[in-house]
2 protein chains.
Amino acid sequence: MSTDTARRLVESMRDLLWERGYTGTSPKAVLQRAGAGQGSMYHHFAGKADLAQSAIVETAQEMRAKADAELSGPAPAVERLTAYLRRERDVLRGCPIGGLTQDAELMADPQLRAPVAETLAWLRGRLAEVLGEAVAAGELAPTLDASAVATTLVATLQGGYVLARAAGSREPFDQAVAGVLGLLLSASEH
Amino acid sequence: MSTDTARRLVESMRDLLWERGYTGTSPKAVLQRAGAGQGSMYHHFAGKADLAQSAIVETAQEMRAKADAELSGPAPAVERLTAYLRRERDVLRGCPIGGLTQDAELMADPQLRAPVAETLAWLRGRLAEVLGEAVAAGELAPTLDASAVATTLVATLQGGYVLARAAGSREPFDQAVAGVLGLLLSASEH
DNA sequence: GTCTATAGATTGATAGAC
DNA sequence: GTCTATCAATCTATAGAC
């Protein structure tokens, strides 16, 4: 069945995009990992960019679905936020979506860039909503700027990945999260 | 004079590393930008990696010198911190050092990775010192964890670059900085 | 010190057999 | 649908003339 080969190609491209980026990933490497020949890829996809687009869209959807599930539970808003921020992550591999912003070739292609931009914009918006709930429930100070703080939280995660990769250790990531949570919670003591 | 050609090669490599990353930068592109032939590069440097190392070390030293100057002035500690965070930056180009952490090929080479790791580690440490001064001067709450918050501040900047590049706008960067400053200053009202 | 010429490998893609 | 063969272009590096 063709569907299986196509799925393996997308899966391999997802792994390699995460590990090596778009510029650093050759069709040849994808085919080897998927155990397929040249013909298979060009039968199912128009080329490298087309396959990469399928891979990025899949990764983006997964990331968004997982975050939405965590942020939409029945627990108090602040508990959902801290659980989301502290959730176990594959820190040293970086963010499979955010990391792509550093690839100039990928960002130059609107089809590849769009799912990256949309996913991070959605996440900022969703966190702003939950922060708004927390303020409304009196869990956080009413003076808090939900939009700005939401962007700060996403930036802390994204930057935490950068610092962890630089250090070769997840410690900076955990420290960055602990730091921003400390500020958020002590700022709420009003 | 050979020194001038070598300098132009390093300068060109610095620009291209910032713009395209290590994997995305070919010696050919560097030579074209520098206006030099193949022979010049292999006369002055052992190869692409060697030239890149000189370029990264130079960029790292500049970044560190500039940050240290801003963080070491006579102004109150919190003022120095806010001035550093709000300083004008070429946001859409990303951080010329932090952005390199996403390049797997570069990070696999200890010679190329070391200056990246050291620069970001130094910055976290220097910000922790200034935060410590602020606490000691009573400008910030004594309960503040200087090391953790320092890492949060660097992560906010690094993640701000990621979000700005994704959005194609500097707005998320400015929002992330405003958010973290809001938390830091309101948390200090003790 | 700088140049051009060249090398062998790899890139992304196409052709055509099966 | 999948394979192998092949393509022109580019990659990083070396050789050798000047």
Enquirer: Please determine whether side-chain contact (heavy atoms from CB on, under 4.5 Å) holds for the pair Asp68(B) and Trp122(B), giving the CA-CA distance in whole Å, both sets of side-chain angles, and the decisive distance to 0.1 Å.
Expert: CA-CA 10 Å; Asp68(B) 201 31; Trp122(B) 171 85; 3.6 Å; yes
Enquirer: OP1 or OP2 of dC3(C) versus the side-chain N and O atoms of His43(B): is any pair under 4.0 Å?
Expert: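 Answer is no, no contact under 4.0 Å.
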Enquirer: Does Thr151(A) form a side-chain hydrogen bond (donor to acceptor under 3.5 Å, both in side chains) with Arg124(A)? I'd like the steps, not just the answer.
Expert: CA-CA 5 Å; Thr151(A) 301; Arg124(A) 289 168 56 203; 3.0 Å; yes
Enquirer: Can you measure Phe45(B) atom CZ to dA13(D) atom P for me and round it to whole angstrom units?
Expert: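 The answer, rounded to whole Å, is 13 Å.
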Enquirer: Using distance alone, with no hydrogens and no angle criterion, decide if Arg64(A) and Thr119(A) have a side-chain donor and acceptor under 3.5 Å apart.
Expert: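 Thr119(A) and Arg64(A) do not have a side-chain donor-acceptor pair below 3.5 Å.
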Enquirer: OP1 or OP2 of dT14(D) less than 4.0 angstrom from a side-chain nitrogen or oxygen of Tyr42(B), does that happen here?
Expert: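 Looking at the OP1 and OP2 atoms of dT14(D), neither is under 4.0 Å from any side-chain N or O of Tyr42(B).
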Enquirer: After noting the C-alpha distance and the side-chain angles of Gln175(B) and Glu171(B), does the key distance pass the side-chain contact (heavy atoms from CB on, under 4.5 Å) rule?
Expert: CA-CA 6 Å; Gln175(B) 231 190 354; Glu171(B) 180 253 347; 3.4 Å; yes
Enquirer: Arg80(B) pairs by salt bridge (Lys or Arg N to Asp or Glu O under 4.0 Å) with which of Glu70(B), Glu133(B), Glu129(B)?
Expert: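 Testing each of Glu70(B), Glu133(B), Glu129(B) against Arg80(B), the sole residue satisfying salt bridge (Lys or Arg N to Asp or Glu O under 4.0 Å) is Glu133(B).
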Enquirer: Using 0.5 Å steps for rounding, measure from the CG atom of Leu16(B) to the CZ atom of Arg33(B).
Expert: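 Going from the CG atom of Leu16(B) to the CZ atom of Arg33(B) covers 4.0 Å.
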Enquirer: Can you list, in residue-number order, the parts of residues 28-41 of chain A that come under 4.0 Å of DNA chain C, counting heavy atoms only?
Expert: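 Here the set is Lys28(A), Gln38(A).
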Enquirer: If the cut-off is 4.0 Å, is Thr5(A) near the phosphate of dT2(D), judged by side-chain N/O to OP1 or OP2?
Expert: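 The answer is yes; a side-chain N or O of Thr5(A) sits under 4.0 Å from OP1 or OP2.
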Enquirer: Give the rounded distance in Å between these two atoms: CZ of Arg7(A) and P of dG1(D).
Expert: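 Interatomic distance, CZ of Arg7(A) to P of dG1(D): 16 Å.
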Enquirer: Grab the two heavy atoms, one from Gly35(A) and one from Arg8(A), that are nearest each other, plus how far apart they are.
Expert: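 Nearest heavy atoms, Gly35(A) then Arg8(A): O-NH2, 3.8 Å.
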Enquirer: Within this structure, what is the CG-to-P distance between Leu16(B) and dT12(D), rounded to whole angstrom?
Expert: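 It is 12 Å, rounded to the nearest whole Å.
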Enquirer: What parts of residues 101-108 of chain B reach DNA chain C, counting only heavy atoms under 4.0 Å away?
Expert: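 Within residues 101-108 of chain B, no residue comes under 4.0 Å of DNA chain C.
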Enquirer: If I take atom NZ in residue Lys48(A) and atom C1' in nucleotide dT10(D), what distance separates them, rounded to the nearest angstrom?
Expert: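 Rounded to the whole Å, the gap is 13 Å.
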Enquirer: Verify salt bridge (Lys or Arg N to Asp or Glu O under 4.0 Å) between Arg7(B) and Glu58(B), making sure each step is shown before the conclusion.
Expert: CA-CA 11 Å; Arg7(B) 263 194 45 258; Glu58(B) 244 188 55; over 6 Å; no
Enquirer: Rounded at 0.5 Å granularity, tell me how far CG in Leu183(A) sits from CG in Leu183(B).
Expert: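 Those atoms lie 6.0 Å apart.
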Enquirer: Please check the phosphate of dT10(C) (OP1 and OP2 only) for any side-chain N or O of Ser26(A) closer than 4.0 Å.
Expert: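 Ser26(A) to dT10(C) OP1/OP2: no side-chain N or O under 4.0 Å.
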